[in-house]
Each structure stands twice: as C-alpha cells, then as structure tokens.
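One structure is given here, and the rest of the page talks about it.
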Amino acid sequence: MSNDRILEGLNPEQREAVLHTEGPLLILAGAGSGKTRVLTHRLAWLVREHGVSPTSLLAITFTNKAAEEMRRRLQDLVGGASRAMWISTFHAACARMLRRDAERLGYQKNFAVYDEEDQRRLVLRLMRDNEMDVKRYPPRAVRSRISLAKNELVSWEDYRQRARDDFEAVVGEVYRLYQETMARNNAMDFDDLLVNALALLELFPSLLEEYQERFRYISVDEYQDTNRAQYRWVNLLAERRRNLCVVGDDDQSIYSWRGADLRNILDFERDYPDARIIRLERNYRSTRVILDAAHGVVRGIRGRKPKKLWTDREGGEPIRFFQADSEYQEALYVAEEINGLTARGYRLSDIAVFYRINAQSRPFEEVMLRLGIPYRIVGGFRFYERKEVKDVLAYLRVLANPADDVSLLRVVNVPRRGIGETTIGHLQAHAALQGITLWEALLRAEEVAPLGAGARRRLSEFARLMSELRDAADELALPELMKEVQERSGYLEELRRERTLEAEGRLENLEELLRVADEFQQTRPEEGLQGFLEQVSLLSDIDYYDQEEGAVTLMTLHNAKGLEFPVVFMVGMLDGVFPHSRSVVEGREDEERRLCYVGITRARDLLYLTCSAQRSQYGLTDYCAPSPYVKEIPEELLERVGAAEVEERAVRLESERLARMAEGFQVGDRVLHRVFGTGVVREITVSSAGPEMAIEFPELGTKRFLLAFAPLTPLKD
DNA sequence: GCATGAGTACTTTTT
DNA sequence: GTACTCATGC
C-alpha cells in the first residue's frame, strides 16, 4: 500500500493534523468531524512515512471498544505493526505499568482490582467496625467522595486537613482506613490504578525516563474528559519529547461528576505555548437541521469556546417532537415509528433509543418485547455485576490473591455453610490481634479461642476447600479451574436444588462465564487467571456492544458518546430527568446541556424527541413538564406530533398484530384450548375487537373465541 | 445461624 | 416497585 493512501480523502484540516507529527498538537474536533480517522491515520503516517517504531506509540482512548476499533483500522493501514502499539484506555495502560512494577510501591504483582461494589462493601465494613454512623454518612456518598479525591490527587492526609465539616472529617478518616486496608489486601480500586501508576513515574525517575524514551509519540482521545490524575500521568510521560497530540471537544465534556476537568483541554495552550491548534468543524454526519438543533442547546453556555459545525447536507427532515399522555403511549409511538422506518428501508441496527437514566428503559423494553421488535440494551445491570458471577469471580480472586479479604468475606458463607456473622467476627478479631491476614487466620482456625467446636470445624472445612482449590489453581487451566470452583464450592448444587426460574437464569449466567473463560484461554492463554480477572474488571458495558446486530439499540446518553446512528430517539425528555434535578442542584446544568448536545449529534438523518405528561417512579405516578431543552431548539426545526394520530395508529398496529396471529390458523385446523381441550376451527371472522374464531368441540359443541385472549395452540397432525 | 417479614430509602450518568 | 436493613422467632 502506498503512503499516499493514508492521506487520501482527508480534508485540508484533517490532513494538516495527520502531517503535524512533531511537537504539541491540540485538535478541537467537533462531533462527527472524523477525529478517529485523523487519529488512526496520524499514527499510520508516523509509522509508514517517518519510520517510527510502533513500540514508540502510545494512544489513549476512552473505552476498550474504541481502542479495539482503532487497532482494527490501523491493522488495515499498517498491518501487523499495529500489534506492537500501546492502544488502550488510561486504566488499562496504568494497570499494565503496575503489573510490571507495583512491587516498587509495596504491592505484589497479583494485586486485585476492586470495583465499585467491592469498594462500597469495604467502606461499609470499615465504618461499622469503627462505630461510625452509616445512616448519617451513607457509605455510597463516602465512597464517591474518596473516589473523587483520588481523581483530583488529594491524599487522605490532605483531605483530612482540609475537611470543612463533620461529613468531610468522617470521609477523611474512612479514606485513611480504606487506603490502609487496600494496601493490606494487596488491592487497588479503579482510581488507585491511575494514582499508583502516576506514583511510579513520580517516585522512580529511572522508570519515568524509560517510559519517556519509549513513548516518543503520545495521543489522547476525549481529552476534555480527563481528570487530574490522568492529566498528570500523560503530561509527565510527554514532558521529554513533547510529542503530545490531544483530541477533544469542550462541548462534549460530560464526565465532571467523575472528576473530569474541562480545564485540562481549555488550558492546553497555556501548558504548551508552542502548540499547534487545529479545528475540525466540518461535520460529515448529520443534516443541517440536526446540527442547528444541537447548537441551540449549547449556544448559551458561558465560557464555551465559540464554534459552529458546518455541513453540506443542507436541510433535512424536521425533528419530530411527541408528548404522549403516558409512558406506555410514548413507548408505543417509538415502536410504531420503528416499524414505519423499517418499512422505509432502515435496518433495526440503524436505530437507537437514548435516555438519561437506565431506569427509563423499562416501558420501551416492554413494548418492543410485546410487538416483537428485536432490541439490545447497553448498560444497566451488567453481566459482571450479577451476584452469581461476582461470587464465582470472588472465589477466583481469593485464589489469585489470598490477601483480598473483601472477596474472602464475600464467599466465606456463599453458598451457606453455617459460617455466620459471629464466627466471622471472631475470626476477624483474631486476625487483627495476631497481625495476620484473614486468610491466614482461616487456615489456623483451630487457634481461635472463642469459637465453638462446630464453628471451628466448619471453618476448617472451608479452609481445606480453599487450599485445595489453590493447589488446583497452579495445575489447571482457567476454564477447568472455574469449573472446579463452581462445583466444589457447592454453588452449582445450591442453585440446582432451588428449581426456580431465577436459579435457572443464574445457572445460565455461570455457564456463560465459563464460556468467557474458555474464550480467554483460547485467545490469551499466557495471561492466566491474573489477566482474566483484570480484563473482567476493566471492561465496560459499551465494550460488548456490536452495532451490526439486527436490533434496535437502547442505552443511556453517556454510553452513546462516540457512536452514530441514522435514526435517534431521545426519549423521556422531561424536566427533572433531563436535566436531572440532582445535576441542577449540584450546579452542573451546563453539563446536562452538553449531554443533550452529545445525544442530538449522534443522529445522521432523523431525530425524534419524546416525553410523556406523567412519569412513574418508586411506584408512584406524577405529572411532569417537558424538558426545557426542547424549547431551545428553534421552533421551525420542530414538527409536533399529535397524540390522537398516535392512538389511531396504535389501534391499527394492534389489529394488524392480531391479524398476523390469525394467520397461524385455518378453517379445518385442529386446535388445543387450554380449558376445553381439542377442537376444530369452523370459521374465522374479524370484528372490531380483532379476529374471532368459531371452534367446534366434540362434547361441548361450537364456541366463539377472541383470538387475542383465548389460550389456543394449533395442533399439527 | 438463619428464615421471615416489616420498614426504609432509593436511582443519575461509569472507567 | 425493589433492594436492602433490621428485628423477631425457631
């Protein structure tokens, strides 16, 4: 392939960005302006034209999915060289550094990665152990403050010193206990990955130098959503070579609640006075109407870098706005439109439904299920957050890192083996007194004086189980080990005994987990248990998403970032939900506007905004006004849809569905009625209530049924 | 130690 | 409407 192909089809600004290889570069890339293309082509250009070794390239993306996509595109441009580049999220890159050198910070290489639930459990335990008031200071809130502090590089010492009220004082104290326990448990949470990777660079100049020498060219995508720790880490790495290319868009900054700081991108010019700045303002995605609507929402934000995207897709279909009477009707409208769109030639995978919070998905799921529209949900309850999955993973985590007592405590009595709170309490006290880990205390359970004989026996038995599994861990490949854990822990047996639908589902999930382990073993056998656990904890919902599947996509606006669809429905556009009342209270309304902007600019051709006059939450229904953002879209771009029309179509849709059902039956067929038994169809007619059938039963004579309600099944001869 | 039921808080958004 | 905590009784 010739190098010219790398530049082919780029507009002048894109081309300029690709050609600017040396020195700091800021690319202000509006929505749909082809920034992924620029990023990948720039890397390809470095390799092909400048002969840069792929090992010298570090590319940070926002999700694993984006990294994968980038690698795939690079594979096309430069072939196998793409494999040698570091293309990953901040968290994955930091984890990689730490797997190599965490020992320098006092961790062992096999450190565990805690997710939010693990963190919350630990915070709760620490607060209870120290007699703190968990009602007044909710562990969730404490956890989130600690997390935010870390992202802003505030240590517990600093935090405690700066505490302004008693809540912050409590947080400061828990923060200290938390970090101590994490160190003892040989565990890091998501934030520690960043903080500790940064610590490696700051504390060990030789390491810093090594990485600075290695990564001669660094690029960061979605720079507007980086936090303090990420900012420091990446700028430190780039300090020597100064070949730092950052890409972002202040209008799409939507993660301040997780510590992202818009100043990182706004101040880039101050950090690098010699930076080249390139603006990509040509949008290749949306119609003019859609871009104007998006602009209407963010126009008024103060401190915003003024800019306006342009497109040569003049005009476009108006934005449809529909205010339904009920949530159900809203969902029905969306479903009707989807049917109409597919009739017009759109594929289901062209269509997306976005909402502000996961809880809003329910009515849409229900209606699509009922009308038989295939859909796929991104996010919400995650596979790896399901109880049974986390339980089995917790066993594996203990095997990989016995110091991990959060995981050990999670599984010690799951399934039930008669080891209750009292017993565990004694064990913990013993461990603390002796200065040993919970695991060690478990192995020497006989020495725990206050324990009764029964408790002691049960603990020893559990200890034996775990030691044997630990031996197995050295011998067996991952899938076999997991199978052993599922079987020998008694977990499968307990679920099998239950014989409920729920247990059935859990068993299926555990099977799925085995398949995941199997695939990991096939593709990355050298990474072992450790690597598996790490991958599992760093994956996000969107990483699993395959846009090509023949289904409508449902997801939150946050998950929609970086994607595009020919048709977008933004649903539940209600004041209080969007903007979310909590965001408003906490002074983050601008960010809600940007979130709206992100949603709108995902649409290529068609955009729908919907809401309903009422909404139910906590089982109650109350009345709601439409989102104020709807009003900020210029009136001439909107087309309001009437409820009467929607009702009418709903009725028609329903009768069509019934008519389709009737197609399964013909006069003369034998059918089975759940109550009356076997009969023969004598007549099919259609009334206003849908298809009716006259069925003759041998004993009972002829009866008439409404197809919609009768429990009938056709019988094959 | 554990099953049961009453009472409660709860929902932003996620690597 | 649910998930979680807590008190009660076996």
Side-chain angles (χ1 to χ4, degrees), chain A residues 60-67 88-95 113-117 119-121 124 128 134-135 138-141 143-144 147-148 150-151 188-194 222 225-227 229-230 253-260 354-362 378-382 384-385 387 412-413 415-425 451-452 454-455 458 534-543 555-561 572 574 576-586 588-589 591-592 594-596 598-599 615-621:
Chain A
I60 298 295
T61 58
F62 197 67
T63 62
N64 295 293
K65 176 116 201 142
S88 74
T89 62
F90 275 107
H91 289 87
C94 289
V113 178
Y114 281 4
D115 70 8
E116 196 171 321
E117 192 197 349
Q119 294 178 54
R120 217 168 38 226
R121 280 169 181 253
L124 179 69
R128 286 217 172 121
V134 291
K135 284 257 163 355
R140 296 176 82 90
R143 187 217 69 86
S144 123
S147 171
L148 220 53
K150 289 194 202 175
N151 283 318
M188 302 189 199
D189 59 29
F190 289 147
D191 312 311
D192 290 331
L193 291 175
L194 304 175
E222 308 282 8
D225 281 324
T226 51
N227 61 37
Q230 292 165 331
S253 157
I254 56 175
Y255 282 101
S256 76
W257 49 273
R258 152 179 135 185
F354 300 154
Y355 33 80
R356 178 67 199 12
I357 57 178
N358 282 307
Q360 288 175 286
S361 70
R362 211 165 274 179
V378 178
F381 24 73
R382 269 173 265 201
Y384 289 111
E385 282 171 10
K387 182 184 177 304
V412 67
N413 198 31
R416 308 230 126 77
R417 41 176 80 91
I419 302 174
E421 242 163 87
T422 326
T423 308
I424 293 167
L451 283 177
R458 288 189 289 266
E534 183 169 302
Q535 155 173 298
V536 158
S537 42
L538 294 183
L539 279 176
S540 66
D541 296 320
I542 197 74
D543 294 330
M555 63 170 88
T556 61
L557 287 156
H558 282 88
N559 268 320
K561 184 157 96 159
L574 290 171
V577 180
F578 197 24
H580 197 278
S581 46
R582 252 179 93 163
S583 289
V584 179
V585 169
E586 288 168 17
R588 280 198 311 270
E589 218 220 304
E591 185 151 301
E592 297 283 302
R594 293 194 290 263
L595 190 56
C596 187
V598 167
R615 122 180 148 100
S616 35
Q617 58 175 344
Y618 316 139
L620 298 166
T621 313

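Sequence lines set the chain letters: A, B, ... in the order given, protein chains first and strands last, and positions in each chain run from 1. FYI, side chains are in, hydrogens and waters are out, and symmetry mates aren't considered; it's all heavy atoms of this structure.
L595(A) contributes atom CG, which lies 4.5 Å from atom CZ of F578(A) (distance to the nearest 0.5 angstrom).
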Practice item. Going 5' to 3' through nucleotides 9-15 of chain B, assign each nucleotide B (protein heavy atom under 4.0 Å from a base atom), S (under 4.0 Å only from sugar-phosphate atoms) or - (no protein heavy atom that close). Key: -BBBBBB

**Study point:** R588(A) and E592(A): CA distance, side-chain angles, deciding distance, salt bridge (charged side-chain N to carboxylate O under 4.0 Å, His left out) verdict
**Key:** CA-CA 7 Å; R588(A) 280 198 311 270; E592(A) 297 283 302; over 6 Å; no

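Note: W257(A) and H580(A) fail the aromatic proximity criterion, with ring centroids not under 6.0 Å apart.
Judged by distance alone, the side chain of R356(A) and the main-chain N or O of L557(A) form no donor-acceptor pair under 3.5 Å.
R128(A) comes within 4.0 angstrom of the backbone, heavy atoms only, and of no base.
Taking 4.0 Å as the cut-off between side-chain N and carboxylate O, R594(A) and E591(A) count as a salt-bridged pair.
Along DNA chain C, read 5' to 3', the first and last nucleotides having any atom under 4.0 Å from a heavy atom of chain A are dG1(C) to dC6(C).
Residues F90(A) and T226(A) meet the side-chain proximity criterion, which asks for heavy atoms closer than 4.5 Å.
With both ends at atom C1', the span from dC4(C) to dT13(B) equals 22 Å, rounded to whole Å.
Using cut-offs of 30° and 60° for the angle between ring planes, the H91(A) and F190(A) rings count as perpendicular.
Note: CD1 (I419(A)) to C1' (dG1(B)) measures 11 Å, nearest angstrom.
K561(A) meets the side chain to side chain donor-acceptor pair (under 3.5 Å) test with E222(A), D225(A); sequence neighbours excluded.
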